[in-house]
Amino acid sequence: MGHVTRIVIIGGGPGGYEAALVAAQLGAEVTVVDADGLGGASVLTDCVPSKTLIATAEVMTTFDSSYEELGIIVADDTPPIEQAARVVGVDLGKVNRRVKRLALAQSHDITASVTRAGGRVLRGRGRLEPAQAPDGSRRVVVRAVDGSEETLVADAVLVATGAHPRELPGALPDGERILNWTQVYDLEELPEELIVVGSGVTGAEFAGAYQALGSKVTLVSSRERVLPGEDPDAAAVLEDVFRRRGMNVMGRSRAAAVKRTGTDSKGDGVEVTLSDGRVITGSHCLMAVGAVPNTADMGLTEAGVALKDSGHIRTDRVSRTSAPGVYAAGDCTGVFALASVAAMQGRIAMYHFLGDSVAPLNLKTVSANIFTDPEIATVGYSQADVDSGRIEARVVKLPLLRNPRAKMQGIRDGFVKLFSRPGTGIVVGGVVVAPRASELIHPISVAVDNNLTVEQIANTFTVYPSLSGSIAEVARQLQTRRALGEA
């Protein structure tokens with residue numbers, strides 16, 4: 001009987017558990033070392049919980065912003081009906097209990113999948129031994145919760161340890177009034193006045209969600225606009241919607257310190273001091289100022305794994321690190337903080353090491369979504385790529401206001417934008433800002449991934465009326481421009 005390949009995976013998030021499933025299916029002996037429960041931050045404290053919370057917020061927003069236009073009568077105990085305020089509220093404790101229940105259920109399902117596939121799940125924290133054995137194998141020392149240690153022998157190691165919320169020295173979370181995004185699910189009552197520090201994806205998603213749930217929200221952005229790294233047209237739409245719904249968006253305002261005020265539970269609040277000396281007050285503060293890779297105290301550098309200055313692991317497009325037999329995937333690599341990318345990196349690592357056919361990671365086919373209201377979905381090359389001259393492309397943007405289905409549903413905000421090559425008409429990117437943009441981006445992703453042309457998209461039947469009809473309409477406009485440009 002031949003040697004069975006031994007794979008040790010440190011970290012059970014999307015990068016780790018997807019790699020484990022692939023490796024087990026390819027006949028390897030797989031051990032997943034995980035400290036917190038399979039699914040990682042994505043399932044336990046990030047994607048799954050936040051999107052579950054946002055699902056409740058979305059129902060509130062949809063109802064609150066559309067019921068009058070759609071002719072729905074909302075009555076409360078105080079006539080006349082015309083003067084009735086919004087009568088729906090939220091039990092945040094109940095919402096958060098559902099959030100945690102769903103996250104735990106998803107984690108259990110993933111553990112069952114890995115175990116069923118033949119993988120072993122070991123609870124603890126792993127670190128690499130410095131030296132590679134003469135036969136090329138690696139040693140991983142696992143410290144269990146009870147302090148005991150076990151040494152695993154691996155032909156290949158995948159590091160998929162993720163990241164944790166970055167903390168500012170003058171604004172350390174206490175889990176009660178000053179919170180990071182992993183702690184908000186312990187709240188029993190809705191924050192009256194929530195100050196969100198950080199206007200990236202996480203900050204924007206939580207700011208929008210809590211505003212929809214009924215909190216008064218102030219969003220503190222150190223940059224000129226919200227979502228500084230995203231499509232500028234999309235960010236402008238979202239900021240306009242935020243302000244219109246009553247959010248206080250403070251641009252070019254950097255938080256220097258956050259402290260808790262008051263002594264009793266009722267009088268407690270927070271003070272956020274900005275770098276220019278201004279002070280803003282609220283009941284709670286959510287810190288969303290980025291993430292730090294979980295790469296410390298793992299023996300990585302000693303084992304020959306090169307790290308960036310930020311602490312992220314350097315990898316190539318098939319997930320290899322600088323140390324032979326050591327791969328890395330997910331947020332600890334800093335490639336793209338998306339569960340889908342982590343999973344792809346993990347799968348690619350196993351395909352590569354175990355000799356299966358593998359295609360290197362291609363970030364230009366990655367689709368991403370920001371779960372605000374409206375959602376912002378993107379794929380392929382961006383407006384920044386076009387503006388900087390990185391790629392030559394024609395751009396057409398079509399507001400959803402012109403879409404018949406959008407009119408019927410009372411949707412006023414959003415657009416579809418496509419980027420295509422001027423010579424061939426091949427679609428190289430797209431942006432959708434709309435309710436459920438995460439679903440609408442898929443046809444554009446298919447086009448980008450398969451080098452489809454605007455003609456092919458324009459000539460494909462769409463349902464009438466539908467929001468996806470706008471994708472075909474944008475393609476038709478690009479087709480026309482291309483024809484005129486070549487005439």
Side-chain angles (χ1 to χ4, degrees), residues 3-46 48 103-133 135-164 293-300 302-303 305 313 319 321 323 325-333 339 342-343 345-347 349-350 353-354:
H3 168 71
V4 176
T5 305
R6 299 156 298 185
I7 303 287
V8 172
I9 297 167
I10 307 174
Y17 75 73
E18 288 282 355
L21 293 172
V22 166
Q25 286 158 7
L26 293 175
E29 179 186 284
V30 182
T31 303
V32 180
V33 179
D34 185 80
D36 304 312
L38 292 202
S42 173
V43 168
L44 295 168
T45 58
D46 198 348
V48 170
L104 209 56
Q106 181 73 1
S107 178
H108 287 159
D109 287 348
I110 292 165
T111 305
S113 296
V114 171
T115 307
R116 203 162 46 240
R120 177 191 179 202
V121 178
L122 193 57
R123 197 71 183 262
R125 298 190 180 277
R127 73 173 188 274
L128 277 172
E129 288 282 85
Q132 192 176 17
D135 65 355
S137 63
R138 291 275 179 182
R139 301 288 185 275
V140 175
V141 179
V142 180
R143 179 180 283 273
V145 181
D146 62 6
S148 62
E149 289 193 346
E150 179 180 346
T151 300
L152 304 174
V153 180
D155 297 300
V157 176
L158 174 70
V159 180
T161 46
H164 62 275
N294 297 324
T295 54
D297 304 320
M298 286 184 61
L300 294 178
E302 294 82 353
V305 177
I313 300 170
S319 305
T321 72
V326 181
Y327 292 75
D331 289 4
C332 64
T333 67
Q345 287 177 292
R347 288 192 291 263
M350 294 302 100
F353 185 76
L354 295 169

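Only a predicted model underlies this, so the values are computations on that prediction, with no experimental measurement involved.
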- Message: Minimum heavy-atom separation for Gly126 and Val33, please, with both atom names.
- Response: N-CG1, 3.8 Å
If you look only at distance, which donor and acceptor atoms sit under 3.5 Å apart when one is on a side chain in residues 6-21 and the other is two or more places apart or in another chain?
unit_1: Arg6; atom_1: NE; unit_2: Asp155; atom_2: OD2; d: 3.2
unit_1: Arg6; atom_1: NH2; unit_2: Asp155; atom_2: OD1; d: 3.1
unit_1: Glu18; atom_1: OE1; unit_2: Arg347; atom_2: NH1; d: 3.2

- Task: Give, for atom OG1 of Thr111 and atom CG of Asp34, the distance between the pair rounded to the nearest 0.5 Å.
- Result: 8.0 Å
- Can you tell me if Glu149 uses its side chain to pair, donor with acceptor, with the backbone of Val142 under 3.5 Å? no
- Query: Under the salt bridge (charged side-chain N to carboxylate O under 4.0 Å, His left out) rule, what pairs show up with a residue in residues 103-125, not counting sequence neighbours?
  - Reply: Arg120-Glu150
- Item | Residue pairs, two or more places apart or on separate chains, that pass salt bridge (charged side-chain N to carboxylate O under 4.0 Å, His left out) and touch residues 35-45 | none
- Message: For Ala349 versus Leu158, what's the shortest heavy-atom pair and its separation?
- Response: CB-CD1, 4.0 Å
- Looking only at heavy atoms, what is the nearest atom pair of Ala323 and Ala303, with distance? CB-O, 3.5 Å
- Answer yes or no: is there a side-chain heavy-atom contact under 4.5 Å between Arg127 and Asp297? no
- Message: Between Val32 and Leu122, is there a side-chain heavy-atom distance shorter than 4.5 Å?
- Response: no
- Query: What pair of heavy atoms forms the shortest contact from Leu44 to Ser107, and how long is it?
  - Reply: CD2-CB, 3.9 Å
- Message: Among residues at least two apart in sequence or on other chains, which ones pass side-chain hydrogen bond (donor to acceptor under 3.5 Å, both in side chains) with Ser148?
- Response: Asp146
- Item | Qualifying residues under side chain to side chain contact (heavy atoms under 4.5 Å, CB included), relative to Leu104, sequence neighbours excluded | His108
- Message: Taking the side chain as everything from C-beta on, heavy atoms only, tell me whether Met298 gets closer than 4.5 Å to Leu128.
- Response: no
- Message: Tell me every residue that passes side-chain hydrogen bond (donor to acceptor under 3.5 Å, both in side chains) with Asn294, counting only those two or more places apart in sequence or in another chain.
- Response: His164
- Query: Can you list the residues that meet the salt bridge (charged side-chain N to carboxylate O under 4.0 Å, His left out) rule with Arg138, with sequence neighbours excluded?
  - Reply: none
- Please list, chain by chain and in numerical order, all residues satisfying side chain to side chain contact (heavy atoms under 4.5 Å, CB included) with Ala133, sequence neighbours excluded. Asp135, Ser137, Arg139
- To the nearest 0.5 Å, how far apart are OG in Ser42 and CD in Gln106? 8.5 Å
- Message: I'd like to check the side chain to side chain contact (heavy atoms under 4.5 Å, CB included) partners of Thr45; sequence neighbours left out, ordered by chain and number.
- Response: Ala41, Thr182
- Message: Show me the pairs that pass side chain to side chain donor-acceptor pair (under 3.5 Å) and involve residues 22-31, at least two apart or across chains.
- Response: none
